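Let me begin by presenting the structure, written as structure tokens, before commenting on it.
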Amino acid sequence: MTTRIAVCGLAGRMGQRLGHLVLDSEDLELTAASERPGHEWLGRDAGEVLGRGSLGVSLQPAIAAADADVVVAFTTPEATLADAAASAAAGTAMVVGTTGMSGDQLAEFRSAVAPVACVFAPNFSTAMNLLFKLVEEAANVLGDDYDIEVVEAHHRHKVDAPSGSALRLAERAAAGVGRRLEEVAVHGREGETGERTRREIGMHALRLGDLAGDHSVFYGAAGEYLELRHHATSRDAFALGALRAARFAAAAEPGLYDMGDVLGL
Ligand code: NAD
């Protein structure tokens, strides 16, 4: 059975990889694509802009959700809210990887997608989702004697910090020692910070070059430290996971799912 995929923000770094991987797959078909108003690719054929020959699908400023089984969105918070409304109105499932939504935007997003199946995850890589689980287990076993710090590095174009994945890692580590991240997170350090408190979880964001994404969780006590690290070598780690999520969403009942649900973790 073929699953029809709509890619929002096709010209983006993730959008292009999603487009190529849909075209490379045997069970997925690219049936709709969008870009922001004013983008030079608008109105052009989605296959041609990817250098893959004509598909008869032109890029539109609003996603044609009714033409697809699953809308895949890796864009901006504002665009994703519009795409969520369009998907819900058409009864089309969604896969959303956009990060950086505010609390209000998250609430609006969750209520907009309620009528459809939606997989929403800060990181669609399979190995990273395994790491989310391992990080919590490690914190639980090591306990309060170990200081926890999260360090992430991304390409220079990333507009939000810490990354959605770093936040998820820190949340899971905090959960492993019975803490709530919002009560213990310390973002970067500067000046007369005083001695580190035992319960805080430090978070640090590097921005450089073209890194697809590097995340480490450190657990340190007297005499040793442990580093659990994930290194994304290309965006295909996220795009392939998102397409796996799209196959899941196409067959799922309405509801909000996480990548952990897709992977059965
Ligand atoms: P990008 O800037 O390269 O791509 C975003 C694209 O969306 C651009 O082409 C932009 O023109 C387009 N866009 C903006 N407004 C639009 C609109 N109204 N309609 C249609 N298209 C619109 O960014 P990117 O690196 O591809 O990342 C996109 C998002 O995905 C970010 O939030 C990033 O953090 C997130 N991301 C998530 C994961 C994950 O696994 N969850 C992985 C990588 C990136």
Side-chain angles (χ1 to χ4, degrees), residues 6-21 32-44 46 49-50 57-65 68 71-87 94-102 105-106 109 118-132 152-169 205 207 209-215 230-246 248-249 256-263:
V7 176
C8 304
L10 187 79
R13 287 175 284 261
M14 282 298 296
Q16 291 193 41
R17 287 313 304 153
L18 286 161
H20 279 291
L21 291 168
S34 70
E35 252 307 329
R36 64 174 163 72
H39 196 279
E40 58 181 330
W41 284 13
L42 277 184
R44 295 181 60 192
V49 291
L50 293 174
V57 174
S58 65
L59 273 86
Q60 300 296 325
I63 199 69
V71 168
V72 182
F74 285 69
T75 56
T76 64
E78 296 73 19
T80 299
L81 289 176
D83 295 331
S87 301
M94 276 197 106
V95 169
V96 175
T98 306
T99 62
M101 284 194 228
S102 68
Q105 286 172 323
L106 273 175
F109 169 72
C118 176
V119 184
F120 177 47
N123 189 309
F124 276 92
S125 126
T126 302
M128 178 59 97
N129 280 275
L130 174 62
L131 184 61
F132 290 147
E152 53 108 337
H154 282 86
H155 55 89
R156 61 164 73 106
H157 306 291
K158 186 163 178 61
V159 295
D160 53 321
S163 72
S165 309
L167 285 170
R168 175 65 66 88
L169 286 167
R207 294 290 176 266
D210 62 354
L211 293 183
D214 218 343
H215 292 85
H230 178 266
H231 180 71
T233 54
S234 88
R235 289 184 180 81
D236 284 10
F238 315 121
L240 287 167
L243 296 179
R244 186 165 169 172
F248 170 94
L256 196 55
Y257 301 91
D258 186 70
M259 195 57 185
D261 298 313
V262 176
L263 300 173

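As the structure lists them, so they are numbered: ligands from 1, and atoms in each ligand from 1. Treat the numbers as computed from the prediction; the structure is a model and nothing was measured. These values consider heavy atoms only, across backbone and side chains, with no hydrogens, waters or symmetry-generated copies.
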**Request:** Search all heavy atoms of Phe124 against all heavy atoms of Ala245 and return the closest pair with its distance.
**Result:**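 It is CE2-CB, 3.7 Å.
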**Item:** Shortest non-hydrogen contact from Glu152 toward Ser163
**Value:** OE2-N, 2.7 Å
**Prompt:** Without hydrogens or angle criteria, can the side chains of His231 and Asp214 be said to hold a donor-acceptor pair below 3.5 Å?
**Reply:** yes
When you measure from the side chain of [X] to the backbone of [Y], do you find a donor-acceptor pair of N or O atoms at a distance under 3.5 Å?
{"X": "Asn129", "Y": "Asn123", "result": "yes"}
{"X": "Thr98", "Y": "Pro77", "result": "no"}
{"X": "Glu35", "Y": "Leu59", "result": "no"}

**Request:** Write down, by chain and number, every protein residue that brings a non-hydrogen atom to less than 4.0 Å from an atom of ligand 1.
**Result:**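 Its neighbours under 4.0 Å (heavy atoms only) are Gly9, Ala11, Gly12, Arg13, Met14, Ser34, Glu35, Arg36, Phe74, Thr75, Thr76, Ala79, Gly97, Thr98, Thr99, Ala121, Pro122, Asn123, Phe124, Lys158, Phe238, given by chain and number.
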